[in-house]
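Here is the structure we will look at.
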Amino acid sequence: MIKDVQRQITELKKRNGVCILAHSYMPEEICEIADFTGDSYALSVKAKTATENTVIMCGVRFMAETVKMLSPQKKVCLANSQAGCPMAEQFDKDVIAEVKKMYPDYAVVAYINTTTELKTLADVCVTSSSAVKICRAIPQKNILFIPDINLGTYVKNLVPEKNFKLLSGGCPTHARIEAEEAVAVKAAHPDALFLVHPECRPEVTALADYVGSTSGIMDYAEKSAAREFIIGTENAIVQHLQYRCPDKKFYPLSKDLLCHNMKITTLADVLGCLNGEGEEIVMDEALRLKAVKSIEEMIRYGG
Ligand code: 13P
Ligand code: SF4
């Protein structure tokens with residue numbers, strides 16, 4: 001059944017010249033039919049360079065909006081229109097505009113997990129894999145980092161030469177994990193390396209052997225000579241790694257590390273998009289032009 005749907009998807013996307021992008025949190029059966037899988041930064045770069053006229057994003061809304069911003073001439077569909085990112089939608093533009101007024105001499109550095117409206121207020125966007133490099137590289141010394149306090153704290157600690165103001169936003173999936181849980185899992189697997197996403201709390205990342213983006217965690221585990229790993233990010237990454245490295249062992253940091261929004265996209269949704277269903281991203285051109293600058297800046301500084 002799964003193979004049948006995958007075959008139909010593969011035939012239709014080839015026939016109609018469609019590029020399917022999938023974030024690494026998508027399940028294995030969706031990654032298998034994707035033309036490209038990766039972390040938020042790699043997906044953004046791919047969105048710019050893909051030659052197909054239609055893109056289907058298997059991920060969450062801000063990712064599909066990023067593709068549309070970078071390639072307005074393309075038809076961009078979000079495979080499942082219910083897939084939002086609670087962190088991205090956490091702050092209204094008006095709230096951030098007020099905070100910005102309080103810190104007029106601060107550059108606004110926005111995590112890419114933000115709405116298009118919020119990106120219009122940002123000087124530059126960052127992803128989890130590019131945040132440290134970009135905060136170091138931008139000329140401004142004062143940085144208002146929005147919205148993730150955990151990623152912001154991680155960056156702030158590695159870039160002590162800059163002044164940071166942080167907001168109290170964050171990812172409900174990663175932020176719910178407490179240090180005690182990490183200590184207990186490490187004690188249960190004393191030989192395992194602990195790999196953590198920077199959206200986790202500072203007390204959790206402080207216990208890590210490696211901190212990085214979803215792709216960073218996967219690359220690290222694949223290349224490492226170690227045999228066991230505790231994975232401190234969405235549990236799809238545990239599944240992908242176990243599939244890619246059958247001779248290594250991967251343990252989830254927590255059974256609760258599940259992003260429901262990343263779980264709702266199915267192969268049936270992708271097939272539906274290829275058959276003209278699904279949500280096409282429509283974006284006001286004036287809004288796009290204001291918001292895309294921060295993404296273009298991110299790509300200019302590199303990942
Ligand atoms: P990455 O940039 O590591 O892919 O992270 C995206 C995300 O939503 C993590 O929660
Ligand atoms: Fe958003 Fe967190 Fe889900 Fe990533 S894991 S998409 S930040 S809610």
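Numbering of ligands and ligand atoms starts at 1, following listing order. In what follows, every heavy atom counts, from backbone to side chain, and hydrogens, waters and symmetry copies are set aside.
- Side chains of N150 and T153: no donor on one and acceptor on the other come within 3.5 Å.
- In this structure, the protein non-hydrogen atom closest to atom 7 (S) of ligand 2 is N113 ND2, 3.2 Å.
- The protein heavy-atom contact nearest to atom 8 (S) of ligand 2 is P86 CD, 3.3 Å.
- At least one N/O/S atom of C259, from backbone or side chain, sits under 2.8 Å from atom 3 (Fe) of ligand 2.
- Comparing C85, G170, S128 by heavy-atom distance to atom 1 (Fe) of ligand 2, the nearest is C85.
- Side-chain atoms of T233 and Y25 form a donor-acceptor pair, as typed in the model, at a separation below 3.5 Å.
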Under 3.5 Å: N or O atoms of ligand 1 paired with protein N or O:
from	atom 1	to	atom 2	distance (Å)
ligand 1	2 (O)	S40	N	3.4
ligand 1	2 (O)	S40	OG	3.0
ligand 1	2 (O)	S128	OG	3.1
ligand 1	3 (O)	S128	OG	2.9
ligand 1	3 (O)	H197	NE2	2.8
ligand 1	3 (O)	T214	N	2.9
ligand 1	3 (O)	T214	OG1	3.4
ligand 1	4 (O)	H23	NE2	2.6
ligand 1	4 (O)	S40	N	3.1
ligand 1	4 (O)	S40	OG	3.4
ligand 1	4 (O)	T214	OG1	3.0
ligand 1	5 (O)	H197	NE2	3.3
ligand 1	8 (O)	N113	ND2	3.2
ligand 1	10 (O)	Y25	OH	3.3
ligand 1	10 (O)	E199	OE1	2.8
ligand 1	10 (O)	E199	OE2	3.0

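- Contact annotation: for E199 versus ligand 2, heavy atoms closer than 4.0 Å belong to the side chain alone.
- Under a 4.0 Å criterion applied to the non-hydrogen atoms of M87, ligand 2 contributes the atoms 7 (S).
- Judged by a 6.0 Å distance limit and a 45° cone about the ring axis, K156 is not positioned over the six-membered ring of F164.
- For the residue pair I134 and C125, the shortest heavy atom distance occurs at CD1-O, 3.8 Å.
- Contact check on R244 versus E222 returns a salt bridge, with a Lys/Arg side-chain nitrogen under 4.0 Å from an Asp/Glu carboxylate oxygen.
- The closest protein non-hydrogen atom to atom 2 (Fe) of ligand 2 is C171 SG, 2.3 Å.
- Between the side chains of N80 and T265, no donor-acceptor pair of N or O atoms lies under 3.5 Å.
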**OP:** Step by step, work out the salt bridge (charged side-chain N to carboxylate O under 4.0 Å, His left out) result for K13 and E52.
**Re:** CA-CA 10 Å; K13 77 170 176 164; E52 293 86 349; over 6 Å; no

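- At a threshold of 4.0 Å, the pair K68-E65 does not count as salt-bridged, since none of the basic side-chain nitrogens sits closer than that to a carboxylate oxygen.
- In summary, K293 and D123 do not engage in a salt bridge, as defined by a charged side-chain N under 4.0 Å from a carboxylate O.
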